[in-house]
Amino acid sequence: MVGWGSMRRWSRARGTGESVRGRVVIPVILAVILFGFAIEPGNLLPSPAAVLMLAVQLITCLPWARRLRGAWTLAAQILLAPWSGLPGFLAASVLLATERRIRWALFTLVVLAAGPLAPGDGGLFAMLNSIGNALAQGLIIYALTKLIDLHAELHATEGVLAAGRVAAERERTGRNLDGVLGAALAEIIRLAGHGRQAARELVAVAREASERVRAASPTQSAGLADVSARAMTPRLAWPIVIATHLEYLVIGVAFLLGEEIPGWRGALYATALVAVIALQAYHCLPRPLGDRPRHAAWTLGTQLTLALGMLAVPDGPYPQLVAFAAASVLILLPARFAWTTATALTALAAAADLARPDRPDVHATAVVVLDIVVIALVFYGLALLTGLVHQVREAHEALAAQAVAQERRRIARDVHDLLGYGLSAIALQGELAARDPDPRRADGHLADAARQAGRALADLRTIPGDHAELTLTDELASARDVLAAAGITLRARGDANAVAAEARPLFATALREAMTNVLRHAPGSPWCAVEFGPGLLRVTSQAAPAPVSAGADTSDAGVGGNGLRNLRDRAAAYGARLEAGPAPDDRHYVLTLTLRPAPVPAGE
């Protein structure tokens with residue numbers, strides 16, 4: 001067992017927390033622990049029945065072998081349990097393979113049945129040791145297997161948390177946008193139906209909404225906790241850690257009572273046993289990988305002092321105490337020191353055992369060493385895997401936070417790019433309606449404003465989704481109509497359909513941003529020229545916006561908006577180049593979007 005005379009095992013590597021290594025190291029640790037559990041007290045190799053029990057347990061626990069698991073594995077372990085001396089394996093399989101409502105009752109029956117099956121003289125210590133071994137083995141195997149499953153599940157669902165957070169962010173943003181801008185657009189449509197007397201109010205609503213759009217920036221929202229991983233890890237690990245430590249404590253006390261150590265020495269050994277195991281439980285409590293418990297230097301130093309001190313006194317339970325100290329060393333020290341230090345502790349315990357007055361043989365000392373190694377690795381493996389689950393969960397949290405931040409930036413960009421133009425056009429139509437003395441023309445401007453508001457409302461509803469894309473030909477037609485209403489002539493050269501189909505949404509967004517800037521900052525310009533090419537969009541306007549310094553990451557020059565910055569981000573993501581600024585004559589403003597040519601394969 002895990003305990004005072006039956007746990008064996010050794011391990012190859014300290015987990016570093018890297019995902020790939022974690023998925024390989026932990027199953028290897030579990031496999032070696034199972035091998036150690038399968039060895040009978042006093043032996044170095046498992047019996048034939050124990051080998052069969054071990055093989056079935058590996059099929060039950062290891063991820064890559066579990067597809068072979070079925071009712072036959074549990075039935076085989078029921079038959080093998082009395083002959084293999086491994087009721088703890090059956091106890092673990094009961095927890096792993098039976099229904100939730102009966103598994104713990106069956107587990108308790110298997111653990112209690114281990115007492116009458118205990119080898120030896122059938123005394124109280126032998127029965128307690130067998131029950132304790134079955135309890136500890138069952139809980140430890142179950143905990144490590146479930147934590148391996150959780151670790152694998154978290155890796156397999158790496159994008160699920162991020163997708164869930166993004167979906168929640170979209171839902172929240174959709175509600176907010178509909179409540180603010182949707183309400184404003186609905187009000188614009190309502191005001192447009194009230195004729196010229198409502199035109200000024202319509203313009204005010206459009207201007208206010210436009211200001212909000214121009215200042216659109218990522219907003220904070222409450223994240224959704226990864227409840228399953230956050231709650232499951234401590235819920236699973238805490239009881240296992242406490243129960244296994246209590247089992248070692250009970251069996252250790254029973255061992256001391258069975259040895260009938262007299263007087264102060266028995267009290268000293270019992271005190272050291274309780275202190276070392278309590279410190280080990282403190283070091284093993286679930287925490288993120290790499291986090292050290294408070295005052296770790298003092299607690300580890302105290303544990304080492306007590307464990308090593310027991311090597312200097314006769315008749316003490318010193319091998320097991322050194323095992324706990326070795327486990328703490330593996331848990332708390334950096335990897336470059338941990339394994340060397342743990343090996344040195346094990347060697348020191350072996351030397352002390354060989355130096356005992358009764359001079360045990362090498363075989364007995366080898367059994368003691370295996371017992372130390374297995375105890376150390378059991379608690380190290382549990383702490384390591386719990387930390388790995390924490391680490392994977394935290395990595396998912398970071399990925400989810402990054403995905404949400406990107407989604408917020410994307411939504412803010414789309415709000416600006418998709419709605420800014422429409423609101424500017426609405427405000428322009430409202431101003432024209434308010435100034436036009438002809439009631440019919442004024443009504444026409446208001447009807448155009450209502451249509452623009454309806455279109456903007458449709459755009460608003462697409463923003464929280466994935467497909468808020470514009471159509472290049474529709475944008476060109478809309479630009480022509482809106483500029484014409486403002487008294488600006490649109491001169492178009494080239495064919496919009498010559499632009500590659502996959503690039504048209506980007507070009508449509510760039511055209512809309514250019515038209516927004518013309519309406520906002522150059523309303524007196526008599527004309528605006530738009531030129532299309534297979535990989536080119538160039539927009540030139542007279543009466544350019546306020547000059548900006550070359551290369552500056554500005555937008556909506558002079559007003560602090562986000563338009564050109566957003567457009568640069570879109571262009572960069574597509575692999576295109578955006579240039580915007582005054583022409584050399586300082587009388588025109590030019591926005592140029594150019595697709596970078598695809599690389600020519602070598603040899604062509």
Side-chain angles (χ1 to χ4, degrees), residues 1-7 33 36-37 41 86-89 91-92 94-95 103-105 107-115 118 124-147 233-259 266-287 293 299 302-303 306-307 310 316-328 331 371-372 374-383 385-386:
M1 141 165 188
V2 177
W4 305 86
S6 59
M7 293 171 45
I33 287 175
F37 286 168
L86 296 172
F89 282 28
V94 163
L95 291 179
R103 65 176 55 158
W104 287 104
F107 174 81
T108 303
L109 289 176
V110 172
V111 169
L112 292 177
L124 176 63
F125 173 75
M127 292 184 65
L128 285 177
N129 189 58
S130 182
I131 291 174
N133 285 347
L135 174 69
Q137 286 181 7
L139 290 177
I140 288 171
I141 294 170
Y142 171 70
L144 289 175
T145 303
K146 295 299 289 183
L147 285 171
T233 303
R235 186 182 69 204
L236 177 65
W238 272 80
I240 303 300
V241 169
I242 299 302
T244 49
H245 283 79
L246 285 176
E247 185 270 342
Y248 275 108
L249 181 60
V250 170
I251 298 301
V253 171
F255 171 79
L256 293 177
L257 293 175
E259 291 292 308
L268 174 65
Y269 296 163
T271 301
L273 177 68
V274 171
V276 169
I277 291 180
L279 289 170
Q280 182 60 36
Y282 175 64
H283 296 155
C284 280
L285 289 179
R287 58 178 56 89
T299 56
T302 301
Q303 189 183 36
L306 290 172
M310 290 298 100
Y318 46 82
Q320 287 73 21
L321 299 191
V322 171
F324 290 125
S328 293
I331 293 169
D371 216 26
I372 292 172
V374 171
I375 292 172
L377 289 175
V378 162
F379 290 107
Y380 166 65
L382 187 61
L385 188 53
T386 302

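Here the structure is a predicted model, which means the values were calculated and not measured.
- Applying the side chain to side chain contact (heavy atoms under 4.5 Å, CB included) test to Thr108 and every residue at least two apart in sequence or in another chain returns Leu112.
- Nearest heavy atom pair, residue Gln280 against residue Ala325, reads OE1-N, 4.4 Å.
- For the atom pair CG (Leu279) and OG1 (Thr302), the distance works out to 6.5 Å, reported to the nearest 0.5 Å.
- Across all their heavy atoms, Ile33 and Val378 have their closest contact at CD1-CA, 3.7 Å.
- Residue Leu321 holds its CG atom at 10.0 Å from CD1 of Ile372, rounded to the nearest 0.5 Å.
- Minimum interatomic distance between Gly138 and Leu95 (heavy atoms only, all atoms of both residues): O-CD1, 4.3 Å.
- Nearest approach of Pro87 to Val110, heavy atoms of both residues: O-CG1, 3.5 Å.
- Residues Ala376 and Ala326 come closest through the heavy atom pair CB-CB, 3.9 Å.
- For the side-chain contact (heavy atoms from CB on, under 4.5 Å) with Cys284, the lone residue among Tyr380, Phe324, Phe379 that qualifies is Phe379.
- Within the 4.5 Å cutoff, side-chain heavy atoms of Phe107 are placed close to those of Leu139.
- Distance check: Ile141 CD1 to Phe89 CZ gives 4.5 Å after rounding to the nearest 0.5 Å.
- In this structure the side chain of Gln303 never reaches within 4.5 angstrom of the side chain of Ile277, judged on heavy atoms.
- Residues Ala307 and Val276 approach most closely at N-CG2, 4.3 Å, considering heavy atoms.
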